[in-house]
Amino acid sequence: MKANGQPTRTIRPLSNGHVEIIDQTLLPHRLQWCTLSTLADACEAISVMRVRGAPLIGATAAYGMALAMRVDASDAGLDHAGTALVATRPTAVNLRWAVERMQSVLLPLSAQQRAAAAWTEAACICDEDVARNAALAQHGLVLFQKLAKPGQPLRVMTHCNAGWLATVDWGTALAPVYAAQAAGLPLFVWASETRPRNQGASLPAWELREQGIDHAVIADNAAGLLMRRGEVDVVIVGADRVANNGDVANKIGTYLKALASHDNGLPFYVAVPGPTIDWRISDGAHIPIEERDAGEVTHILGGVEDTLHTVRLTPQGCAAANPAFDITPARLVSGIITERGVVVPGRLADLYPDAA
Ligand code: MRU
């Protein structure tokens with residue numbers, strides 16, 4: 001998708017053997033690239049959220065493995081890099097998936113072959129992410145075309161960051177939005193701000209503007225009212241992990257949107273590429289929920305253009321809790337949109353007989 005009018009991916013290998021990422025802690029204020037040169041750089045970028053969103057976290061982890069292989073391509077080095085990366089964030093399963101895929105490709109090779117092979121495999125993981133998201137975009141577009149009413153834009157509500165910035169390109173929940181734009185289907189996007197880190201207010205809002213799509217940011221708490229007033233046609237979110245039974249882990253607040261959708265008879269879809277499905281767990285109770293620093297709740301970052309400040313919102317010393325994800329039970333999900341098609345949550349395995 002576009003940044004400054006130019007087709008752009010969120011992560012790119014450089015000819016000097018380093019990797020560049022968009023530093024998403026600075027958006028929407030500044031589009032700035034950040035160089036990753038070492039395994040430690042990749043781990044830091046994931047844990048402090050310079051990169052965010054399950055598929056992009058996976059792609060960054062793949063390059064983290066490739067950077068590590070330049071320094072220590074022994075079996076112990078492979079193991080150490082995987083352990084360090086997997087420890088950065090617990091919920092998005094794409095991280096573990098990418099690390100295990102890199103290890104399974106590299107382990108049978110000699111140490112001398114690993115650095116070059118790792119670079120190739122990381123690039124392949126990135127290209128596959130783009131292809132998967134482009135395919136799921138088309139399946140989502142068909143749904144959107146069915147839901148659209150003549151003479152009015154389709155009003156899509158989303159939560160958190162599931163646009164192209166959360167992936168290598170295209171996005172997950174916003175991929176059908178971009179496909180709809182390309183197909184000439186008029187639409188409007190409600191992007192909920194997504195406290196406490198405000199991914200919705202900063203990232204989808206930025207990329208929808210760059211892409212020229214009509215949208216408005218809302219406070220998270222406004223979603224129910226808008227649904228009740230009939231101002232929403234469909235809700236679509238991404239996910240950090242989907243269990244075998246279709247339970248969905250996504251950014252905190254997703255569950256409340258699913259409940260409100262259910263109460264208002266609105267379709268609630270989850271868009272995921274295959275690597276976001278965790279076939280090893282039966283249901284959402286097994287998904288680890290990341291607890292992040294309380295300071296993300298008590299303080300907020302913002303500013304005017306380039307000058308950013310953190311300010312305190314709560315009384316000094318106030319305690320806060322910060323669970324970063326929640327679980328939406330499969331019964332509240334109308335369908336899961338994947339690169340292989342759309343299914344009701346309980347039938348995911350029908351689409352992936354090779355993986356389930
Ligand atoms: O904590 P984050 O910003 O990495 O969380 C991101 C989300 O929860 C996204 O909704 C999710 O990864 C969707 S996948 C494109």
Side-chain angles (χ1 to χ4, degrees), residues 1 10-11 21-28 45-61 88-98 129-130 132-134 136-137 140 157-178 191-207 220 235-242 248-258 268-278 284 287-293 296-297 301 322-328 333 336-339:
M1 297 294 126
T10 51
I11 184 164
I21 52 155
I22 296 174
D23 184 347
Q24 300 193 16
T25 60
L26 299 176
L27 284 172
I46 297 170
S47 58
V48 307
M49 295 170 64
R50 295 190 202 287
V51 290
R52 306 157 183 212
L56 179 58
I57 290 171
T60 307
T88 54
R89 294 194 74 190
T91 305
V93 75
N94 306 60
L95 173 55
R96 184 189 79 201
W97 172 85
D129 181 60
V130 179
R132 283 196 185 96
N133 299 333
L136 79 80
M157 181 177 282
T158 190
H159 185 60
C160 195
N161 164 36
W164 69 272
L165 290 169
T167 63
V168 179
D169 203 355
W170 275 95
T172 57
L174 291 189
V177 167
Y178 297 132
S192 57
E193 62 177 345
T194 321
R195 281 281 294 145
R197 284 293 289 253
N198 297 305
Q199 285 94 331
S202 51
L203 304 173
W206 180 83
E207 65 171 70
D220 294 327
V235 180
I236 184 166
V237 297
D240 292 82
R241 196 184 295 223
V242 176
V248 171
N250 192 46
K251 182 54 57 187
I252 194 81
T254 302
Y255 174 44
L256 287 177
K257 284 202 170 49
F268 180 91
Y269 285 101
V270 179
V272 290
T276 303
I277 305 165
D278 187 350
I287 300 178
I289 301 291
E290 181 177 14
E291 288 286 335
R292 292 190 61 88
D293 195 284
E296 293 183 348
V297 176
L301 174 76
N322 188 12
F325 298 93
D326 61 25
I327 307 293
T328 298
V333 176
I336 299 187
I337 306 169
T338 77
E339 71 277 14

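In this chain, numbering begins with 1 at the start of the sequence shown. When a ligand or atom number is given, it counts from 1 through the structure's own listing order.
Under a 4.0 Å criterion applied to the non-hydrogen atoms of A162, ligand 1 contributes the atoms 15 (C). The C160 neighbourhood of ligand 1 comprises atoms 6 (C), 7 (C), 8 (O), 9 (C), 10 (O), with distances under 4.0 Å to a heavy atom of that residue. Each of the atoms 14 (S), 15 (C) of ligand 1 lies under 4.0 Å from some heavy atom of P55. Listed by number with element, the atoms of ligand 1 under 4.0 angstrom from any heavy atom of N250 are 7 (C), 8 (O), 9 (C), 10 (O), 11 (C), 13 (C). Per-residue contacts place K251 under 4.0 angstrom from the following atoms of ligand 1 (heavy atoms of the residue considered): 1 (O), 2 (P), 5 (O), 8 (O). Near M49, with a cut-off below 4.0 Å to any heavy atom, the atoms of ligand 1 are 1 (O), 3 (O). Every atom of ligand 1 with a heavy atom of Q199 under 4.0 Å away is listed here by number and element: 1 (O), 2 (P), 3 (O). Within ligand 1, the atoms closer than 4.0 Å to a non-hydrogen atom of R89 are 1 (O), 2 (P), 4 (O), numbered from 1 in the order shown.
Nearest non-hydrogen protein atom to atom 13 (C) of ligand 1 is A239 N, 3.6 Å. Counting protein heavy atoms only, atom 15 (C) of ligand 1 is closest to T172 OG1, 3.1 Å.
Using a distance-only test at 3.5 Å, with no hydrogens or angles considered, a donor-acceptor pair links the side chain of D326 to the main chain of Y255. Using a distance-only test at 3.5 Å, with no hydrogens or angles considered, a donor-acceptor pair links the side chain of T10 to the main chain of T167. In this structure, N133 contributes its side chain and A175 its backbone to no donor-acceptor pair below 3.5 Å. With hydrogens and angles disregarded, no donor-acceptor distance shorter than 3.5 Å links the side chain of N161 to the backbone of P204. Between the D129 side chain and the V168 main chain, a donor and an acceptor come within less than 3.5 Å of each other. In terms of modelled atom types and a separation under 3.5 Å, the side chain of R50 and the main chain of T25 share no donor-acceptor contact.
Remark: distances from the non-hydrogen atoms of A92 to ligand 1 are all 4.0 Å or more. Within the structure, the closest approach of A324 to ligand 1 does not fall below 4.0 Å when heavy atoms are considered.
By the 4.5 Å heavy-atom criterion applied to side chains, P55 and R132 are not counted as neighbours.
Of the polar atoms of A54, at least one N or O is found under 3.5 Å from an N or O of ligand 1, judged by distance alone. When only interatomic distances are considered, the shortest N/O to N/O separation between F325 and ligand 1 does not fall below 3.5 Å.
At a heavy-atom distance under 4.0 Å, no atom of T276 approaches ligand 1.
At a threshold of 4.0 Å, the pair D278-R96 counts as salt-bridged, since one of the basic side-chain nitrogens sits closer than that to a carboxylate oxygen.
Residue L203 is tested with T194, L27, I22 for a side chain to side chain contact (heavy atoms under 4.5 Å, CB included); the sole match is L27. Each of E296, E290, R292 was checked for a side-chain hydrogen bond (donor to acceptor under 3.5 Å, both in side chains) with N322, and the lone residue meeting it is E296.
Of the candidates N133, T167, D240, the one placing a heavy atom closest to atom 12 (O) of ligand 1 is D240.
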